[in-house]
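First comes the structure, then the notes that go with it.
Excluded from the calculations below are hydrogen atoms, water molecules and symmetry mates; all remaining heavy atoms, backbone and side chain alike, are included. Whatever order the structure lists them in is the order used to number ligands and atoms, beginning at 1.
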Amino acid sequence: MAGTAGPKRQDTRKYFENLDGAGKCIAVLTSGGDAQGMNAAVRAVVRMGIYVGAKVYFIHEGYQGMVDGGDNIIEATWESVSSMLQVGGTVIGSARCKEFRTHEGRLKAALNLVKHSITNLCVIGGDGSLTGANLFREEWSGLLNELVEQGLVSEEEVRSNSELHIVGMVGSIDNDFCGTDMTIADWVFIPEMPPEDDWEDVMCQKLSENRAERKRLNIIIVAEGAIDCHNKPITCDYIKDLVVRRLGFDTRVTILGHVQRGGTPSAFDRILASRMGVEAVLALLEASDSDNTPACVVSLVGNQAVRLPLMECVQMTQEVQKAMDEKKFEDAVRLRGRYFTQVSVYVDKLVIYVTTDFHPQSSFNVAVLNVGAPAAGMNGAVRSAVRVGITEGHKMFAVNDGFEGFYKGQIKEIKWGDVGGWTGQGGSLLGTKRTLPGAHLDKIAEQMRIYNINALLVIGGFEAYVGLLELSTARDKYNEFCVPMVMVPATVSNNIPGSDLSIGSDTALNAITDTCDRIKQSASGTKRRVFIIETMGGYCGYLATVGGLAAGADTVYIYEEPFDIRDLQANVEHLTQKMKTSIQRGLVLRNENCNENFNTDFIYQLYSEEGQGVFDCRKNILGHMQQGGAPSPFDRNFGTKVAAKAIQWVTKTLKESFKGGRVFTNSPDTACLLGMRRRAMVFQPVSQLRDETDFVHRIPKEQWWLKLRPLMKILAKYKTSYDVSDSGQLEHVTQIRPRETKTSADI
Ligand code: ADP
């Protein structure tokens with residue numbers, strides 16, 4: 001693999017080479033309802049487990065397989081998880097198991113584990129599965145004693161298996177890291193709690209009262225599977241029709257975050273699950289090296305890995321149940337939504353906004369534009385900005401064709417109805433151009449004067465960022481630019497400083513992984529084949545690296561990690577060795593600008609020549625399909641939420657900078673980029689981000705995802721150094737709420 005050395009600096013990092021899994025047995029099972037990404041998680045646990053020298057076992061069919069033993073518990077090999085990433089559901093099965101709920105069942109399960117010397121268990125499942133795991137762990141020493149008494153295990157076996165370490169794995173805990181706070185929900189429909197018979201009347205009555213009191217915004221949340229007390233489904237569309245019919249013409253219903261599930265797991269699911277699988281193995285190793293680490297659940301908050309004590313998670317589940325039994329179901333949703341969600345739940349909520357026309361006009365004019373190359377999710381972001389802006393009382397203006405349209409005066413008011421249906425559409429409906437404003441400042445200022453634009457929202461990529469820098473720098477000369485300005489990053493390349501993620505990059509990753517899946521499957525039969533695939537991204541290796549992680553690449557060449565002929569040789573030899581085993585497909589990704597001389601043809605020819613007799617090669621340049629057709633569910637949600645948040649910031653900043661009858665602000669913190677940093681959404685002055693930017697290569701100087709490279713290499717069977725100082729820290733369930741910066745917390 002390309003050299004592992006990063007920039008040379010004093011090394012304060014902690015590496016996991018000292019975490020040794022030799023002599024340990026880890027078992028992995030999937031349990032309960034199946035969820036996206038379970039296979040990716042299993043694959044990561046297996047490969048990471050083998051990597052650290054442990055023996056890894058599959059337990060097929062969840063707890064049932066643990067109780068039944070026999071063929072259900074088999075040792076996993078590196079190759080046994082090959083070609084598993086792209087498969088939906090769970091390959092190792094996840095039966096429900098009544099027996100495990102009984103003491104006898106758990107006794108049998110304990111016996112099966114002891115007979116395999118399995119003292120480390122990784123449970124991938126939901127609330128129920130983790131509750132079972134927790135109980136099993138609490139009973140462990142009692143169960144062993146019983147087994148000794150029954151003469152089924154020896155004293156020696158008890159001694160060597162005395163501690164059972166368990167790690168659970170759940171999906172994103174706080175999927176709403178940048179969105180609606182569930183605690184202000186006015187109505188919540190969840191499957192567990194069907195509403196009373198007359199709920200329609202009660203809800204509409206209350207909405208009418210709210211309207212009379214001039215309450216502008218009502219939020220209704222409908223979880224997937226919600227039903228009334230006659231088992232009739234309650235859907236978003238039903239509620240929408242009901243509300244519009246009963247409340248009349250001045251009511252608007254917006255469905256936010258409508259998300260489908262099913263099918264092959266998305267790139268996001270695979271990456272999340274791969275990261276967590278590795279994290280789970282680290283947690284098990286650390287637990288078995290020290291005596292008093294509590295069993296934990298690994299998860300991700302925003303973009304940050306965390307660990308939570310299993311006990312606390314289980315308690316939280318019980319509290320949710322209790323709240324539900326007591327019909328305090330807003331509490332239940334708050335507890336569950338905020339702190340503890342299953343892998344599958346993070347996209348389930350459908351949020352409806354009901355707004356009425358009774359809002360005071362703010363008399364502020366806000367312009368929205370797209371800048372840079374098109375990215376999926378831009379339209380959803382515009383739609384959200386326009387509608388939230390109108391709700392806040394502003395007049396919204398759309399600028400076509402970015403800064404180019406701006407200076408040419410392609411500006412007009414955009415109304416609520418104009419953005420209907422935009423969320424699902426790819427590309428940029430406003431039109432987007434790469435033109436920078438610098439050479440046209442006079443004309444842009446003039447247009448701002450003509451239309452009396454009091455604030456700007458720029459949705460776009462690197463040019464949007466540079467453009468905003470130019471405008472803010474020009475504030476000295478032009479009063480017109482002394483207004484609140486904010487950008488939200490939207491680009492497939494994900495190369496914007498100040499944000500871990502940008503709108504559109506998830507769709508691009510999905511397009512890449514989807515294509516890699518297809519290409520890999522295309523070559524049928526037993527012929528061994530290696531695919532060389534070129535991805536976009538400019539100099540930014542995000543798409544190649546993270547796409548490679550999601551698609552299971554063997555090697556990924558990027559600009560940020562320089563490589564030479566020795567690396568290439570080592571990579572080819574490594575792949576050739578692997579392809580001599582049962583592995584049939586090889587995948588090599590190459591970022592378009594990773595190296596001028598080692599171009600895609602060169603790499604293709606090198607692998608073709610050296611692979612002779614073992615595999616043959618094909619190459620593919622992915623091109624603009626990566627900009628994506630329809631935006632992925634993640635990008636729709638992300639775009640919608642980030643833009644809403646940006647407009648709320650605009651409203652607040654407009655109020656603060658409105659003095660003496662006009663808007664005026666020239667402080668750096670009113671020309672901001674709204675980005676995701678680890679677990680929080682943060683507004684950062686663009687002027688501050690200047691130092692963090694490599695303007696020549698159009699990338700941030702520090703890129704968080706470079707930390708995923710070792711992980712990708714490990715999963716591709718390379719020996720490497722993996723910095724674990726950033727791995728999940730143990731936190732507590734009640735503290736998991738994102739720590740937002742002051743600016744974002746104020747909103
Ligand atoms: P999920 O894990 O998706 O919430 P379930 O609630 O069906 O799904 O739980 C999956 C399995 O976990 C059950 O079939 C059972 O074997 C085990 N389990 C669930 N709750 C408990 C419990 N309280 N005690 C022991 N085992 C349990």
Ligand 1 atoms in contact with [X] (distance to a heavy atom under 4.0 Å):
| X | result |
| --- | --- |
| L135 | 24 (N) |
| T131 | 23 (N) |
| S31 | 10 (C), 11 (C), 12 (O) |
| F100 | 16 (O), 25 (C), 26 (N) |
| R96 | 5 (P), 7 (O), 8 (O), 14 (O) |

Assert yes or no for the condition that the ring centre distance of F136 to Y63 is strictly below 6.0 Å. no
For R47 and K717, indicate whether the former's side chain and the latter's backbone hold a donor-acceptor pair under 3.5 Å. no
Backbone N or O of A283 within a donor-acceptor pair of the E286 side chain at under 3.5 Å? no
Geometric N/O contact C97 with ligand 1, under 3.5 angstrom: yes
Would you say that more than 12 heavy atoms from the other residues, nucleotides or ligands in this model lie under 6.0 Å from the NZ of K55, or not? no
Separation between CG (L282) and CE (M276), nearest 0.5 Å, reads 13.5 Å
Check each of V123, N112, L29 against M66 using the side-chain contact (heavy atoms from CB on, under 4.5 Å) test, and report the only one that passes. L29
I want to confirm something. Looking only at heavy atoms, which of G62, S129, A133, G125 is nearest to atom 2 (O) of ligand 1? S129
